[in-house]
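Heads up: the structure comes next, in structure tokens.
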Amino acid sequence: MEMEFENLVRENIRELEAYSCARGEFEGAGAVLLDANENPFASGYNRYPDPYQRELKQQVARLKEVDVSRLVLGNGSDELIDMLIRTVCVPGRDNIIVFSPGYSMYEVSARVNGTEVRNLVLDDDFMPEWEGIFERVDERTRIIFFCTPNNPVGNVIPLDEIRRVASRFDGLVVVDEAYIDFADVPSATSLRGECPNVVVLQTLSKAWGLAGLRVGICMAEPGLVKYLNKVKPPYNIGSVTQRMALEALKNVDLFRERVEEIKQERERVLVALRGMACFERVYDSEANFLLACTPCYREVYDYLLAHGLVVRVRHIPPRLEGGLRITIGTREENDLLIRVLKDFR
Ligand code: PMP
């Protein structure tokens, strides 16, 4: 299925020239580089990074089994969220659809960029009310953001539902899969070909353990990638990051081992928290965190903090139930959490 992205992308971006890098035109070694106003004295860092991130993209493409032409890399997926909004939403005119509870940066980026946010509350099972979405979509709706597994709950949205929404909607359906490697479900990248308006976001910050490097991955139709590359700052990923990420991605065995360990720990911590009187409810999760709700969440939060354990408070609409989002740590960290919580009150 083909899609015309021309109608979706902002007019001023359609008309832009994509950034092009002169040294990319020279093939071979030993060029004298006088094209980018760099300092000639070698420091290891005196040259700009590769604006096309070619080596890193090739490695990501192999790993994710997608073509390089479908990839855009960002300074974290937060940058990609921002780039997507800036590429398709006209400030003061367009809107996006988000769900709550959900990840907050879709709304932040939209508002920074003058884009209206239509917030839909998830149902009691933390699922969108599917028909309700289309009551809020209008001709100015450019993006629907889904987060699966969802932050801060950890539940996943079935791909069939995403497929159904994407086939009824003219804009982009962005599926944020920051936590997908902790889940036992297929990625929305499997919808490629079928749903050209589906854009998948992943990151090296979570399962790959590289949050400090800042690498986000966007997988989309080449027809859209073309425009995203016009919006992307040329040097958005530093040379050290590119090199370190490339090295880290070669160690798939270590990645799998760590993900397995975190998943096992998640189940162990879940059972332990469910056995505690201080939490009313602890939700199943396919991510690397657990949402534990209790009316006395503040006291539990302060108590944990006093014991050197930092978790996150989350307010869960519609009931504004108070919850603590607790990241799964190492075995020792989780043991400490459980030990400290057992002594609460
Ligand atoms: N999406 C979701 C759902 C997240 O939870 C996060 C990080 N908290 C991000 C995106 C951003 O991740 P990063 O910018 O590190 O890739």
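Ligands are counted one by one from 1 in listed order, and the atoms in each one are counted from 1 as well.
Within the set G102, G74, S77, the minimum heavy-atom distance to atom 13 (P) of ligand 1 is found for S77.
Between the side chains of N151 and R325, at least one donor-acceptor pair of N or O atoms lies under 3.5 Å.
Under the 4.5 Å side-chain criterion, counting only non-hydrogen atoms from C-beta, T148 is not in contact with Y179.
Within ligand 1, the atoms closer than 4.0 Å to a non-hydrogen atom of N151 are 5 (O), numbered from 1 in the order shown. Using a 4.0 Å cut-off to heavy atoms of R214, the atoms of ligand 1 that qualify are 13 (P), 14 (O), 15 (O). Distances below 4.0 Å separate heavy atoms of S205 from the following atoms of ligand 1: 13 (P), 15 (O), 16 (O). In the vicinity of C147, heavy-atom distances shorter than 4.0 Å reach the ligand 1 atoms 3 (C). Taking a cut-off of under 4.0 Å to the non-hydrogen atoms of Y179, the atoms of ligand 1 that pass are 3 (C), 4 (C), 5 (O), 8 (N).
For A211, the heavy-atom gap to ligand 1 stays at 4.0 angstrom or more. Heavy atoms of K206 approach ligand 1 to within less than 4.0 angstrom.
The aromatic rings of H315 and Y297 sit perpendicular, their planes meeting at an angle over 60°, well past the 30° parallel limit.
In terms of protein heavy-atom proximity, atom 1 (N) of ligand 1 is closest to D176 OD2, 2.6 Å.
Looking at D181, its side chain never comes within 3.5 Å of a backbone N or O of A207 through a donor-acceptor pair.
Cation-pi contact between R14 and Y227: absent, since separation from the ring centre below 6.0 Å together with deviation from the ring axis within 45° is not met.
If you run side chain to side chain contact (heavy atoms under 4.5 Å, CB included) between T327 and each of N288, N334, I262, V269, only N288 comes through. Results of the side chain to side chain contact (heavy atoms under 4.5 Å, CB included) test with V72 over L80, L224, L201, L84 single out L80 as the only residue that passes.
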